[in-house]
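Before any comments, here is the structure.
Side chains included, hydrogens not; waters and symmetry mates left out as well; all remaining heavy atoms used.
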Amino acid sequence: MTTLVTTGSGSGSAAGDTLTRDALAVLQPGFAGTTVPDWVRRRLGEGLASVALFGRNVVDEAQVTALTAQLRAERDDLLIAIDEESGDVTRLDVRTGSALPGNHALGAVDDPDLTRAVSRELGRRLAACGVNFDWAPSADVNANPDNPVIGVRSFGADTDLVARHTAAWVEGLQSTGVAACTKHFPGHGDTNVDSHHVVPRIDVDAETLFARELPPFRAAIAAGTRAIMSAHILVPALDPDRPGTLSPRVLTELLRGELGYQGLIVTDGIDMHAISGTYGMAHGVVLAIAAGADAICVGGGPSDEGTVLGLRDALVAAVRSGELPEERLADAAARVRELASWTAAARGDAAKTEPAPEIGLTAARRAVRVTRSGPAAPVDAPVYVAQFNPEPNIAVGDQTPWGVADELRRLLPGSGDGSFTGADAGALALAAADGRRIVAVVRDEHRHDWMRTALDTLLAARPDTVVVEMGLPGAAPRGALHIATYGAARVCGVAAAEAVVAG
């Protein structure tokens, strides 16, 4: 990709420099590595106002703190964003599993004060690491239990429940000076495909949309959410031609106009195939800003300087050709800088937040639901943990460990474990158990025929099998003991293992 010369073209150097700075200001790119690349330092000096951290940038909290200090040495008012939902989608705890449960576990407890306390603890941790912008929470109503990308990232399937917990989560996080980014507008819950791969389509009428999908976003706005993230979903009732991220009807008329939202609008990852594979990243960025977005999440894919320069140049060229009004780009950049100012002013709030180190495990324990099929022998001897691994979606990733094996080995020394996938998973797990009591760990059993078959095999041979469901509990409980955790965070695994031993 070619770099742009910021003078000439009849604009004058000052105007060209302003335009280029505005174009850089609306981008929120990631980068590779655990220290700051030289190219990021250069672009921060030229107007880049945000960067994003992903699992590839994280070793531990001390390293993240050092990394953000390096970034702030270049630009003190920098927005440092992270995709940290807690629960299954974690970046801060990417190598260990989250110390805080995710939305579905909190929704299962249905105590907004607990949700507020959990998100406040997350905000405290992020702020202590120097992160001031979190692409969370998910306000999606999980209306479709077969949704491959939302699931336990949602507080639940009930609109009112999702609305009250979305508001509580926003309030807790922002009390620490970390900006919340409520997502995925206008609602990603009723989809059966993943927008990382294709453009999902939601064929509901406007009345259903307004009654089911929008109240959590209204609640977030009322709670003062500083940002809202758009979804790459096609909702014909709103716009039959363009997905939400690229739709003036969705972003400007509905979100700004009808809902009265005045904060920052951020796109979901522009590199996701729903946009990049349909419109191209460069054209998608121009269309998104023109539609009313203020900031472009470049996502967890491209992490190089060439991508940033190409997107910057596309925005500048679109302004100069008349495709994108210069004042629209300037307004977007101003909103980014306004949010950066808010986070800078609120930076001291984190220091006033008392740590709550046990809040995550407390919440995870409260979320656990145990179903007994009848009298069962206690689990008081070493077991075999058979973990059935579905393919992870891109939002969750494949770096983060999950399950109950480590904790059960601590509680029941001598326990063994193995991971299984596919048509013969049940038979292989049964053979590997070699007569030991089996604890079968599943994730979204209802979505995977092979997983259901594996449990059939185990339960037919060993009816005393304990089943731990760490995804969406969409299947009927079965097993001598069925334990639902409503998420696969590390603390959910600890709480599940305790429940196994407690019987």
Any donor-acceptor N or O pair under 3.5 Å, side chains Thr90, Glu84: yes

Compute whether any side-chain donor of one residue and acceptor of the other, for His184 and Asp140, lie under 3.5 angstrom apart. yes

Any salt bridge between Glu85 and Arg91, counting N to O under 4.0 Å? no

Please determine if Arg212 and Asp190 form a salt bridge, counting it only when a charged side-chain N lies under 4.0 Å from a carboxylate O. yes

Nearest heavy-atom approach of Tyr261 to Thr225 is CE1-O, 3.7 Å

Check Arg328 against Ile289 and note the closest heavy-atom contact, atom names and distance. NH1-O, 2.7 Å

What residues form a ring pair (Phe, Tyr, Trp, His ring centres under 6.0 Å) with Phe217, not counting sequence neighbours? Phe185

Do Arg490's NZ or CZ and the ring of Trp402 fall within the cation-pi criteria of under 6.0 Å and 45°? no

Thinking salt bridges, do Asp406 and Arg410 make one under a 4.0 Å N-O criterion? no

For Ser138 and Asn103, test the side chains for any donor-to-acceptor distance below 3.5 angstrom and give the result as yes or no. no

Under the ring pair (Phe, Tyr, Trp, His ring centres under 6.0 Å) rule, collect the residues that match up with Tyr486, sequence neighbours excluded. His104

For atom CD of Glu258, decide whether the heavy atoms of other residues, nucleotides or ligands shown that lie under 6.0 angstrom number more than 12. yes

Please evaluate residues Leu329 and Val26 with respect to the criterion side-chain contact (heavy atoms from CB on, under 4.5 Å), reporting the C-alpha separation (whole Å), side-chain torsions for both, the decisive distance (0.1 Å), and the verdict. CA-CA 8 Å; Leu329 180 61; Val26 303; 4.0 Å; yes

Does atom CG of Asp76 have more than 12 heavy-atom neighbours, drawn from other residues, nucleotides or ligands, at distances under 6.0 Å? yes

Could you tell me which non-hydrogen atom of Asn57 sits nearest to which non-hydrogen atom of Leu67, and how far apart they are? O-CD2, 3.9 Å

Charged N-O contact under 4.0 Å between Arg337 and Asp294: no

Please identify which of these residues, Leu106, Val170, Thr166, Asp110, meets the side chain to side chain contact (heavy atoms under 4.5 Å, CB included) condition with Thr115. Leu106

Between Asp304 and Thr307, is a side chain to side chain donor-acceptor pair (under 3.5 Å) present by the stated rule, with each step listed? CA-CA 6 Å; Asp304 60 294; Thr307 295; 2.7 Å; yes

Below 4.5 Å, heavy atoms only, C-beta onward: do Leu19 and Arg21 meet side chain to side chain? no

Given side chain to side chain donor-acceptor pair (under 3.5 Å), test Asn142 with Ser154 step by step and report yes or no. CA-CA 6 Å; Asn142 200 54; Ser154 166; 5.1 Å; no

Inspect the contact between Asp83 and Lys183 and indicate whether a charged nitrogen and a carboxylate oxygen are less than 4.0 angstrom apart. yes

In plain terms, say whether Asp93 and Arg125 are close enough for a salt bridge, that is, a side-chain N and a carboxylate O under 4.0 Å apart. yes

